[in-house]
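All remarks here apply to the structure that follows.
Heavy atoms only: backbone and side chains are in, while hydrogens, waters and symmetry mates are out. Owing to the predicted nature of the structure, the values given are computational and were not obtained by experimental measurement.
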Amino acid sequence: MANRQPTVVGVPNFNAAEDAAALRAAMKGLGTDEQAIIDILTTRSNIQRQAISKAFTHEYGRDLIEDLKSELGGHFEDVIVALMLPPAEYLCKELNHCMEGMGTDESVLVEILCTRTKPEIAEIVQAYERLYNRPLAEHMCSETSGDFRRLLTLIVTGARDEETGVDPARAAEAAQQLYEAGEAKWGTDEEIFNKILAHESFAQLQLVFEEYKNIAGRTIEQAIKAEVDGELKDALSAIVECVENAAAWFARRLRDATQGAGTEDKTLVRVIVSRAELDLQTIKAEYERLYDKTLESDVAGETSGDYKRALLALLGPA
């Protein structure tokens, strides 16, 4: 998780009232100045955007998000509204959306819940109950099943131990347990995989995976792909990959969203917006390393208009 570089860091000499006035001017009268909206909102940090929102209401007695929604449309509106929500609230909205209605998009549950730290998960859990008046764990349990549900429940209820330091002896023991639960036996004991991958800190898991390689002669990823299937395989693989290189995992997620039949715009928006202030610069570098082309070029090829301009602005200089 070290050396994470964002693409959006906010602006120095920030003035919320000035930005609020500029946004009001961009939306007032005939036509909308989309470029002005992009220039302001893609360069401010989320904390600065929240301050602009407050200043806007204070100055004009209006809700900035509602005004933006009434002026914008399509995926461009999705990007701008995503930027205006506090990060945990935005992710709650995405989680709720992926579980509501017919069917559940398990890949979104994996993307949001299996890649984040315990404090980030705790913030999401708190915000979810506040926004939807029901616990996230309860909603999730009604939409998922089996070992996949058990793994996500452990993550959401804060089972991960990020307080205890790393312990090589315990790592060797856990690696042995994983080996015996999977490759060393007929059939797989998914419960052991769930327990270790949902309880241990990312730093401790790094040691576990190194030990696993020593014992089994192959990586834990290879074992999971051979021993586990379906959503549980995706979830466990996401945890493993994020322990080893989170930026590469998100780079692959973005690649999948831009390739194939049609663009997965929701994924594209969510990953770019939610990682911009964390590690999007690092993700861009991994993308180029993995695919020998820039993330900007793939995004530009799959999007258009103000939507494209907003995404490229968030991606920062190439």
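With respect to the salt-bridge test (charged N to carboxylate O, under 4.0 angstrom), the residues E111 and R270 qualify. Comment: E183 engages R218 in a salt bridge, judged by a side-chain N to carboxylate O separation of less than 4.0 angstrom. Using a cutoff of 4.0 Å between basic side-chain nitrogens and carboxylate oxygens, R24 and E59 are not scored as salt-bridged. Using a cut-off of 4.0 Å between Lys/Arg side-chain N and Asp/Glu carboxylate O, D147 and R150 are scored as salt-bridged. Between E296 and K284 there is a salt bridge, since a side-chain N of the basic residue sits under 4.0 Å from a carboxylate O of the acidic one.
Counting heavy atoms of neighbouring residues, nucleotides and ligands inside a 6.0 Å radius, atom CD of Q206 exceeds 12 of them. No more than 12 heavy atoms of other residues, nucleotides or ligands lie within 6.0 Å of CD in E191, so this atom counts as exposed by the packing criterion. More than 12 heavy atoms of other residues, nucleotides or ligands lie within 6.0 Å of CG in L290, so this atom counts as buried by the packing criterion. Sparse packing is recorded around CD of Q126, with 12 or fewer heavy atoms of other residues, nucleotides or ligands lying under 6.0 Å away.
Taking each heavy atom of A20 and Y60 in turn, the nearest pair found is O-CE1, 3.9 Å.
The same ILVMFWY cluster, assembled from side-chain heavy atoms under 4.5 Å apart, contains both Y90 and V108.
Side chains of E210 and N214: no donor on one and acceptor on the other come within 3.5 Å. Checking T258 against E302 by side-chain atom types alone, no donor-acceptor pair falls below 3.5 Å.
Side-chain atoms of H199 come within 3.5 Å of backbone atoms of K195 as a donor-acceptor pair (strictly under, hydrogens ignored).
Ring geometry for Y179 against Y212 counts as perpendicular: the plane angle is over 60°, on a 0 to 90° scale with 30° as the lower cut.
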**Request:** Let me see the working for Q204 and S201 under side chain to side chain donor-acceptor pair (under 3.5 Å), right down to the final yes or no.
**Result:** CA-CA 5 Å; Q204 178 71 9; S201 70; 5.5 Å; no

